[in-house]
Number of protein chains: 2
Amino acid sequence: MATIYEVSKLAGVSLATVSRVMNDPSKVSEKTQKKVLAAMQQLDYRPNTIAQSLASNRSNCVGVLVSELHGPIFGTMVSSIEEELTRAGKFTIFTAGHSDAATERKGIEFLAGRKCDALILHVEALHNEFFAERQNRLLPFVLLNRFAPGLEENCISLNNELGGYQATRMLLDIGHHQIAYISGPLEWSDAKARLSGHQRALAEARIEFEDDLLVEGDYHESGGVRAMQRLLELGRPITAVVCANDEMAAGAMEVIRNSGRSIPEDISVVGFDNVRWSKFLYPKLTTVEYPVAEMSRMAAKWVLKNVYREPQVDLQYVFHPRLICRASAAAPAQGQKPAPAQVATGKKAGAGS
Amino acid sequence: MATIYEVSKLAGVSLATVSRVMNDPSKVSEKTQKKVLAAMQQLDYRPNTIAQSLASNRSNCVGVLVSELHGPIFGTMVSSIEEELTRAGKFTIFTAGHSDAATERKGIEFLAGRKCDALILHVEALHNEFFAERQNRLLPFVLLNRFAPGLEENCISLNNELGGYQATRMLLDIGHHQIAYISGPLEWSDAKARLSGHQRALAEARIEFEDDLLVEGDYHESGGVRAMQRLLELGRPITAVVCANDEMAAGAMEVIRNSGRSIPEDISVVGFDNVRWSKFLYPKLTTVEYPVAEMSRMAAKWVLKNVYREPQVDLQYVFHPRLICRASAAAPAQGQKPAPAQVATGKKAGAGS
DNA sequence: CGCTAGAATGTAAGCGCTTCCACCTACCTG
DNA sequence: CAGGTAGGTGGAAGCGCTTACATTCTAGCG
């Protein structure tokens with residue numbers, strides 16, 4: 001492979017000049033540029049990016065850490081980011097954190113070791129403090145799908161609370177009262193936020209939140225299965241269940257169907273995320289859209305603006321979810337119990353008043 | 001960030017020695033090693049991988065080109081490869097080729113420019129000749145999911161023909177005669193192979209292959225929808241359809257259901273790939289397993305063995321598909337009349353006789 | 001026509017590491 | 001005890017590029 005040295009010799013100029021035509025052509029006269037470009041072409045010269053990085057201490061490369069490299073959410077993240085960055089002529093290096101603090105840490109070190117210019121991080125295990133502490137020591141970073149107080153400018157996040165609210169609110173609006181909730185792992189902030197949105201909707205409708213009707217899941221299908229089984233065993237007249245992601249909703253639907261009930265006639269199901277296959281489920285899943293692609297692209301833009309100084313970029317830090325109504329949720333069957341207008345189904349009816 | 005120089009000073013040894021303890025500790029006495037390691041620890045030293053690559057002309061990094069970075073197939077590829085390589089202490093850089101020759105080419109150049117030690121390529125547009133020509137000019141490469149005559153040792157492939165055969169053979173065995181086929185883009189070799197497996201099964205059963213019953217799809221859901229619509233419009237008594245991938249099967253199932261027919265009572269559906277969500281479909285999809293994860297891991301192992309000289313690796317070049325029987329395929333109703341036993345959820349029993 | 005500012009170009013010192021080669025000890029062997 | 005050997009170690013030359021600084025060239029001016 002030809003080196004810059006051979007190009008300079010063929011073009012009859014110095015190394016520095018060749019380097020300049022690549023990095024800042026305005027510093028070189030037209031005539032010389034032509035000569036150099038011609039020589040490059042003739043030799044089929046490609047700069048050695050490794051050498052460039054070493055010499056310039058910049059790599060034109062952004063590092064991305066995601067929990068997994070596959071799956072409908074992470075896959076979309078990865079590919080949206082790559083698309084946006086490639087369009088801007090930047091390179092991308094991906095690595096997986098597997099929702100494990102040590103692995104996430106190692107991933108960040110790996111990316112830093114490759115001399116990335118910036119990091120886009122989707123971490124789940126590392127805490128906000130980790131980043132707060134290193135805000136200035138670490139190379140520029142943006143946190144995807146996280147809201148960290150004090151680091152607002154480094155976060156691209158979803159209003160998960162609102163999403164949880166929307167799902168439950170819709171069910172309430174069409175007449176459900178006994179609404180179960182299958183959450184994500186409650187040590188994670190997005191899972192907590194989605195749940196508290198659910199709770200807010202209930203509170204607004206003056207329905208008491210009952211611990212029984214909440215099962216903590218794990219965001220996996222199998223977790224959805226287990227959770228739904230437990231809910232069914234309760235023997236309560238549940239007419240709807242909202243799941244903190246589509247994956248668990250798929251598991252829950254399976255269990256409901258196997259129990260001889262039908263969806264949505266007996267039990268309505270609502271998911272969260274709107275992954276690609278949620279409309280392949282039967283019935284098609286009503287869910288809350290998590291605009292992963294847009295958010296991921298925004299993270300890429302954050303880097304373009306803050307690190308590569310592209311000025312014409314408009315940043316949005318917080319995104320809003322949107323309810324997608326499909327077939328898996330409908331008004332409850334009238335017969336379940338003669339449901340009088342607003343009276344929540346019993347227990348301690350004497351809440352506020 | 002501390003450099004090797006500072007480590008050598010603190011440890012009281014030369015640069016060369018420090019370098020040796022990182023790269024070939026056997027060349028350094030135990031005592032010196034201890035000193036150096038202690039110094040490294042104390043300074044929190046991390047080698048600059050960029051500088052290492054430049055100096056050694058090796059990057060410990062393998063480049064991966066896939067058509068897309070997302071989706072159930074590519075996502076699995078990417079993450080299996082990364083897993084295997086990370087386990088071996090190697091790094092991975094991914095880029096997308098988007099099934100476009102020019103993009104694939106650029107991707108390969110990008111990876112080569114980053115001084116990868118080897119390439120794992122899942123290309124769709126570039127022809128075999130491209131690689132045959134460069135077998136020795138290009139850095140070591142392995143082609144994933146492709147069989148290129150003359151490059152057998154560089155290919156990890158699936159016996160697609162067999163998969164196509166298995167699907168149709170099973171349908172034949174349980175009594176189907178009118179079997180439609182929705183293929184992938186027939187300029188791609190895997191699509192061609194799957195189809196010819198189908199044809200072989202038909203031939204074996206002395207059933208004539210009819211052009212009418214073949215529709216060329218595009219491997220996307222929407223293509224499955226269009227293809228199935230066309231098949232239904234034919235007005236022929238089709239009792240089964242095999243789709244060249246699960247994606248199109250999902251589309252086909254949708255159309256079948258919307259037409260008032262039920263699956264598998266009226267029409268059996270078989271997919272190909274066994275993507276994760278194929279069992280979320282309703283009814284659960286009978287399909288042919290494409291062992292992407294294993295094959296991808298094998299590609300990684302190929303690199304480990306052939307490039308990084310790990311000797312204890314056993315390579316397998318050709319993989320075999322496996323039929324996964326689930327609920328979407330069953331024996332055809334006797335004589336197209338109301339089905340006897342087999343009744344599943346019996347919604348609209350109105351078969352289209 | 002000489003002088004000077006500014007543009008264009010060249011020189012050379014690194015960037016942080018690897019690795020060839022030379023050197024220096026022990027330690028054996030005969 | 002001389003000579004050989006092999007394991008440890010250090011010196012120093014790069015890897016291919018960027019960039020501060022020095023130098024040369026070119027106009028434009030008085």
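Note on naming: letters A, B, ... go to the chains in the order of the sequence lines (proteins, then strands), and numbering restarts at 1 for each one.
Atom CD1 of B:Ile4 and atom P of C:dC15 are 14 Å apart (whole Å). With rounding to whole Å, B:Asp24 atom CG is found 10 Å from C:dT19 atom P. Taking atom CZ of residue A:Arg46 and atom C1' of nucleotide D:dC15, one finds them 20 Å apart after rounding to whole Å. Across the protein-nucleic acid pair, B:Lys27 atom NZ and D:dA6 atom P stand 15 Å apart, rounded to whole Å. To the nearest angstrom, P of C:dC17 lies 12 Å from CG of B:Leu54. Distance B:Leu15 CG to D:dG8 C1': 16 Å, rounded to the nearest Å. Look at OH on B:Tyr45: it is 10 Å from P on C:dG16, rounded to the nearest Å. Across the protein-nucleic acid pair, A:Met22 atom CE and D:dG16 atom P stand 13 Å apart, rounded to whole Å.
Between A:Arg46 and B:Glu109, at least one side-chain nitrogen of the basic residue sits less than 4.0 Å from a carboxylate oxygen of the acidic one, meeting the salt-bridge criterion.
When heavy atoms are screened at a 4.0 angstrom cut-off, B:Ser26 is found touching the sugar-phosphate backbone but no base atom. Residue contacts shown for B:Asn57 are absent, as no nucleic acid heavy atom lies under 4.0 Å away. Residue contacts for A:Val18: at a heavy-atom cut-off of 4.0 Å it reaches no nucleic acid atom on any strand shown. Residue B:Thr32 is in sugar-phosphate contact alone, with no base atom involved, counting any heavy-atom pair closer than 4.0 Å across all strands shown. B:Ser56 comes within contact range of the sugar-phosphate backbone alone, with a heavy-atom separation under 4.0 Å but no base atom that close.
Note on B:Ser14: a side-chain N or O is less than 4.0 Å away from OP1 or OP2 of D:dG10. A:Ser19 has a side-chain polar atom (N or O) that falls below the 4.0 Å cut-off from OP1 or OP2 of D:dT18. Checking the phosphate oxygens (OP1, OP2) of D:dA12, no side-chain nitrogen or oxygen of B:Tyr5 falls inside 4.0 Å. Distances shorter than 4.0 Å separate some side-chain N or O of A:Asn23 from OP1 or OP2 on D:dT18.
Where A:Ala2 and B:Gln33 meet DNA chain D, the nucleotide closest to each residue was compared, and B:Gln33 sits on the side nearer the 5' end. Two residues, B:Arg20 and B:Gln52, neighbour DNA chain C, and the one matched to the more 5' nucleotide by heavy-atom proximity is B:Gln52.
A:Ile4 approaches A:Ser19 most closely through the heavy-atom pair CD1-N, 3.9 Å.
Side-chain atoms of A:Ser67 and A:Glu124 include a donor-acceptor pair closer than 3.5 Å.
The side chain of B:Ala51 approaches C:dC17 more closely than any other nucleotide in the set C:dC21, C:dC17, D:dT18. Relative to the side chain of B:Ser29, the nucleotides D:dT9, C:dT19, C:dC17 differ in distance, and D:dT9 lies closest. Candidate nucleotides C:dC17, C:dT19, D:dT19 were compared by shortest atom distance to the side chain of A:Ala16, and D:dT19 ranks first. Of the listed nucleotides (C:dT18, D:dT19, D:dG10), D:dG10 has the atom at the smallest distance from the side chain of B:Thr17.
Relative to the six-membered ring of A:Phe130, A:Arg134 meets both conditions, a distance below 6.0 Å and an angle of at most 45° to the axis.
Taking the six-membered ring where the residue is Trp, B:Phe74 and B:His122 present perpendicular rings, their angle passing 60° and hence far from 30°.
Within 6.0 Å of the CG atom in B:Asn57, the count of heavy atoms belonging to other residues, nucleotides or ligands does not exceed 12.
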